[in-house]
Amino acid sequence: MSSPPMSSRQDSPLLSICIPTYNNASNLQKVLNHVLELEYSHLEVLVCDDAPKEEDTAEVIEGFQDPRLRYIENERNIGYEKNLFQCLKIAEGQYLMPLADEDKIVQESLNWVFDCIEDTHSEFTSIVAGYGLSENYDWDESVPDEQSFDSGLDSLSAFVTLVPHPFANHTWRRNYIGGMVLKADAIDLEIAQEYYGSLYIHNVLMLQAMVAGKTIISSRHLSIVDYYQYEGEHRFWSDFEWSDLELRMKLQKYRMKAVDEVLENDECKSLFIDIETRFAAQLAAWATLQKDTSYRRIREIALSEDIRPLHDIWNSASFTRGYYYYLLVLPLPIDYYKRNVQDGVIPKRAFQVWYHFLARIIPDTVDHRIREWYLNTLS
């Protein structure tokens, strides 16, 4: 089933909301109910269905009598990333907003997006906004409702340094797509296709758009996780056999590859290298503290390809300092620690995890004697 081209029904839309979907009809219906409540006529809602096993999605689409809604059903399954790109490529809007098939838009924020688009004096190539668990959010005052930046260094610097920026927190390192609006002629899908396999492929498009022109950075949420939570593994991640830490390291490779190839300004690159150095130090510390992944394995993944920023990160003094710092900090149950630190109390759980780390480097005989002593004290 496929809807007629948008141009045969109305003028070219200002905004296309692009929804890749796969066997998720009940939640898609809720998403569409909410999106189509918007009264804008220059809106396109495009759903690309990745060869569903059931006909429920087509039935949901048929239940809507709205000329702004288009539906494309793939003849064969092409995978999440390619389906997302197909949706963006087919869309006819001047601006594109990717949206997951389980997320709820924030209508007040979408009204603001249309105001931005219709204001000819504020033409932009990207909006970098928020995505979260609730509409009732309270970000730090350092993240304003709206702030505009010229292309290149200014916008990228703001994106990296505005902490806690909601989109940076929820999208740069996670597979969330609902917090951005991109100008269609500011992105290059052909170049971005080289990053298939990362599941964070929308980050490449975001960098392209931020470099191309004016960026609006906002603490508003454009969409929220509202309808349900997945049980078990996420539908888009079920084919991966990596441990969680190894997967995160693999995805950092893609992010830093994009930074190295999309950004031409070395000062821009250094901004991302700084923030990713801290993240790599966290991953390395967790690898040391966990039993299923070794520090050596994480380092091998990081340095297995010739990606200059990753080599700069893992061979830097900043990474080494951060690694040892996080070895001490990560085990702490922070909420408990904050409540008790004024009394000089270090939670028992922290000592247990620190000892787990220590036990990896002391002789087994010593470890055995310490554990025996500990059990005796308990009895």
Side-chain angles (χ1 to χ4, degrees), residues 160 163-164 168-170 172-175 198-200 233-234 237 240-257 259-260 270-341 344-375:
V160 172
V163 178
N169 285 342
H170 290 290
W172 181 245
R173 295 199 190 98
R174 296 180 174 89
N175 188 32
S198 70
L199 287 179
Y200 287 28
E233 293 195 40
H234 194 290
W237 293 75
F240 282 99
E241 297 179 355
W242 300 68
S243 74
D244 184 60
L245 287 172
E246 291 173 321
L247 178 58
R248 290 178 184 275
M249 190 63 250
K250 179 185 178 185
L251 293 171
Q252 186 181 44
K253 289 170 58 176
Y254 278 101
R255 292 197 304 273
M256 299 315 295
K257 182 175 184 289
V259 165
D260 199 34
S270 67
L271 293 170
F272 284 87
I273 289 174
D274 288 344
I275 197 169
E276 289 289 339
T277 298
R278 295 193 292 272
F279 182 64
Q282 292 177 17
L283 285 179
W286 273 125
T288 300
L289 294 168
Q290 301 298 317
K291 296 180 179 180
D292 61 339
T293 306
S294 69
Y295 169 81
R296 179 179 178 182
R297 175 60 177 153
I298 293 292
R299 186 176 178 84
E300 286 176 351
I301 297 170
L303 303 179
S304 62
E305 295 182 21
D306 187 20
I307 301 175
R308 183 186 63 82
L310 274 179
H311 287 262
D312 290 347
I313 285 172
W314 283 76
N315 294 312
S316 68
S318 298
F319 168 81
T320 302
R321 288 195 299 269
Y323 169 67
Y324 287 110
Y325 169 78
Y326 287 119
L327 278 178
L328 298 178
V329 171
L330 289 176
L332 289 173
I334 298 298
D335 291 338
Y336 184 95
Y337 183 76
K338 286 180 179 178
R339 292 195 300 269
N340 294 277
V341 68
V345 177
I346 298 179
K348 179 180 178 181
R349 173 63 179 160
F351 285 113
Q352 291 174 336
V353 178
W354 284 335
Y355 182 76
H356 171 69
F357 165 61
L358 180 65
R360 298 169 69 97
I361 59 176
I362 63 176
D364 291 342
T365 54
V366 176
D367 176 43
H368 180 70
R369 290 175 184 175
I370 293 175
R371 291 178 184 275
E372 277 192 339
W373 168 82
Y374 179 69
L375 293 173

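- With values rounded to the nearest 0.5 angstrom, T288 atom OG1 is found 8.5 Å from Y324 atom OH.
- Closest non-hydrogen pair, R299 versus N315, comes out as NH2-OD1, 3.0 Å.
- Contact check for M256 versus I313: side-chain heavy atoms found under the 4.5 Å cut-off.
- Between the side chain of Q252 and the backbone N or O of E276, at least one donor-acceptor pair lies under 3.5 Å.
- Minimum interatomic distance between G322 and A281 (heavy atoms only, all atoms of both residues): C-CB, 3.6 Å.
- Contact between Y326 and A285 at its shortest, heavy atoms only, is CB-CB, 3.7 Å.
- Closest approach of I307 and K253 over heavy atoms only: CD1-O, 3.7 Å.
- Scanning for side chain to side chain contact (heavy atoms under 4.5 Å, CB included) contacts around S318 gives T277, S316, R321, with sequence neighbours left out.
- Between E300 and R296 there is a salt bridge, with a side-chain nitrogen of the basic residue lying less than 4.0 Å from a carboxylate oxygen of the acidic one.
- Remark: F319 pairs with W314 by the ring pair (Phe, Tyr, Trp, His ring centres under 6.0 Å) rule, at least two apart or across chains.
- Taking CZ of R248 as the reference point, atom OG1 of T293 lies at 11.5 Å (rounded to 0.5 Å).
- For D312, the salt bridge (charged side-chain N to carboxylate O under 4.0 Å, His left out) partners two or more places apart in sequence, or in a different chain, are R308.
- L310 is listed as a side-chain neighbour of M249, based on a closest heavy-atom distance under 4.5 Å.
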